[in-house]
Amino acid sequence: VLTEIERLVEGVLNSDRRSIARCLSLVENNPSEAERVISLLYQHTGNSQTVGITGPPGSGKSTLIDKLVKELRRRGKTIGVVAVDPSSPFTGGAFLGDRIRMQELSVDEGVFIRSMATRNNLGGLAKATKDAVRVLDASGKDVVLVETVGAGQSEVEIVKVASTVVVVLAPGLGDEIQAIKAGMMEIGDIFVVNKADKDNVDKAVIDIKAMLGLNQKKGGWVPPVLRTKALSGEGVSELLEKITEHTKYLKGGALRRKLLGRVEVELVEAIRSRVAERVIDDLREEGRLDEFLQKILEKKLDPYSAADVLLAEKLKKSE
Ligand SMILES: Nc1nc2c(ncn2[C@@H]2O[C@H](COP(=O)(O)OP(=O)(O)OP(=O)(O)O)[C@@H](O)[C@H]2O)c(=O)[nH]1
Ligand SMILES: [Mg+2]
């Protein structure tokens, strides 16, 4: 007999929409159940092409994704989209538009769109996003697109769930300056100057190329700078060609290195959170947590020494 979680996982693997939706809700709202689901799905992941779309608020990311999805559908691909919106104050205006677009696309069986809630802290959101991508990947989508607003460093981190990162900028508005600040120059594999129907496009392209020249590594992938008009769809198929080119480049060896680095970070994170949880649970059970907190507050103990003491205790107990 299958457990409920096993049935859910089987549904996802069969690309059942309802199972995917339920699984994504778990990932978002129930971290411990989510870990069980991901454990079961894990061996079925890694087959999708994952593409992060990031950039300053309002640069046209959602409009571009809408056009990318339509073009990919024309090419017979199935698609998952995760829209992360950790900074809703910026995006208030665009959200309704996104919703309408999403409804339109979600009638299509080959497309699954999910927007992630904003109530999580950024760390939790990053983890939930990574797992959401895994769910869509395991469900058999050919391509998974992730939209994040690149407004701050931690938001930029989120997009690292993707193998290919597309940075979408728009002319004017000092976006270029914003981009350096947020570290977008380092994470972009492909740069897009959207709203190419506007003035100052050439200047934006030149600026970005100049900045890229500064931190370019020899022998690696040279990030192209493209122009798009997301509203009309102009430049979208060129963007898809570049994404495919980048995927091919990654398969030449760079992907394994990239993924090994990420797997290490993830393993360290998982150990860290489990150890912390166990130590704190013990303390709480024994009714000693408050005592430790008070001591630290009263400067009788510092947090680092407290951690050393508690870890030593825990290790001794488990001998
Ligand atoms: N002129 C022009 N406007 C565009 C173009 N692409 C998008 N826009 C407009 O720019 C505004 C923002 O577009 P969105 O696609 O919502 O931008 P976004 O980057 O997803 O925005 P956030 O998610 O809020 O960060 C909308 O009013 C779009 O219609 C374009 O190529 N040219
Ligand atoms: Mg958007």
Side-chain angles (χ1 to χ4, degrees), residues 51-72 79-106 111-118 120 122 125-126 129 132-133 144-159 161-162 165-179 181-185 187-188 190-205 208 225-240 242-243:
V51 183
I53 311 280
T54 192
S59 61
K61 300 177 291 296
S62 300
T63 313
L64 205 54
I65 285 177
D66 180 59
K67 292 299 192 312
L68 281 171
V69 168
K70 284 174 179 156
E71 179 62 29
L72 284 164
I79 304 120
V81 180
V82 183
V84 185
D85 181 28
S87 46
S88 46
F90 291 119
T91 51
F95 203 64
L96 183 62
D98 283 358
R99 273 277 163 82
I100 293 166
R101 269 194 296 263
M102 278 182 201
Q103 269 169 12
E104 199 182 287
L105 285 172
S106 40
V111 183
F112 198 104
I113 300 182
R114 178 65 164 232
S115 105
M116 303 291 279
T118 62
N120 276 311
L122 277 174
L125 190 57
T129 305
V133 170
V144 179
L145 303 170
V146 183
E147 176 183 349
T148 64
V149 179
Q153 194 56 51
S154 12
E155 286 138 329
V156 164
E157 288 297 309
I158 293 176
V159 87
V161 302
V165 174
V166 179
V167 174
V168 181
L169 302 164
L173 300 172
D175 285 343
E176 291 81 2
I177 306 295
Q178 178 92 355
K181 270 198 215 144
M184 276 188 251
M185 285 297 155
I187 63 158
I190 297 168
F191 289 81
V192 168
V193 180
N194 186 41
K195 307 195 186 183
D197 48 292
K198 293 204 166 182
D199 291 342
N200 294 327
V201 184
D202 293 337
K203 185 179 178 306
V205 171
I208 294 164
V225 184
L226 311 175
R227 297 158 202 242
T228 57
K229 299 178 188 170
L231 278 180
S232 69
E234 221 171 296
V236 169
S237 41
E238 288 79 0
L239 173 56
L240 271 181
K242 285 295 173 193
I243 292 173

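Index from 1, following the sequence. One-based numbering, in listed order, for ligands and for the atoms of each.
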Please report the shortest heavy-atom distance between [X] and [Y], naming the atom on each side.
X      : Y      : answer
Val168 : Ser59  : O-OG, 3.0 Å
Pro171 : Lys198 : CG-CB, 4.2 Å
Ile65  : Glu147 : CD1-CB, 3.5 Å
Lys61  : Val149 : CE-CA, 4.1 Å

Which ligand 1 atoms are under 4.0 Å away from a heavy-atom of [X]?
X      : result
Lys229 : 31 (O)
Lys198 : 1 (N)
Glu147 : 20 (O), 23 (O)
Val149 : 25 (O)
Asn194 : 5 (C), 6 (N), 7 (C), 31 (O)

### Message
Please name the atom of Glu147, limited to N, O or S, that comes nearest to the Mg ion (ligand 2).
### Response
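Going through the N, O and S atoms of Glu147 one by one, OE2 ends up nearest to the Mg ion (ligand 2).
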#### Entry: Side-chain donor/acceptor of Lys229 to backbone N/O of Gly235, under 3.5 Å
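Not at all, since once roles are kept as given, no pair shorter than 3.5 Å links the two residues.
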### Query
Who are the side chain to side chain donor-acceptor pair (under 3.5 Å) partners of Thr129, not counting sequence neighbours?
none
### side chain to side chain donor-acceptor pair (under 3.5 Å) against Glu71, all qualifying residues, sequence neighbours excluded
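Glu71: side chain to side chain donor-acceptor pair (under 3.5 Å) contacts with Arg74, Arg75.
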Quick check: do [X] and [Y] have side-chain heavy atoms less than 4.5 Å from each other?
X      : Y      : result
Val193 : Ile208 : yes
Leu239 : Leu64  : yes
Asp202 : Arg227 : yes

### Query
N/O/S of Thr63 less than 2.8 Å from the Mg ion (ligand 2)?
no
So, regarding [X] and ligand 1 (criterion: nitrogen or oxygen to nitrogen or oxygen, under 3.5 Å), is there a contact or not?
X      : result
Asp197 : yes
Ala196 : no
Thr228 : no
Leu64  : no
Ser62  : yes
Pro57  : no

### Query
Under 4.0 angstrom from ligand 1, any heavy atom of Glu234?
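The answer is no: ligand 1 sits nowhere under 4.0 Å from a heavy atom of Glu234.
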### Message
I need the contact type for Val168 against ligand 1. Using non-hydrogen atoms and a strict under-4.0 Å cut-off, is it side chain, backbone, both or neither?
### Response
neither
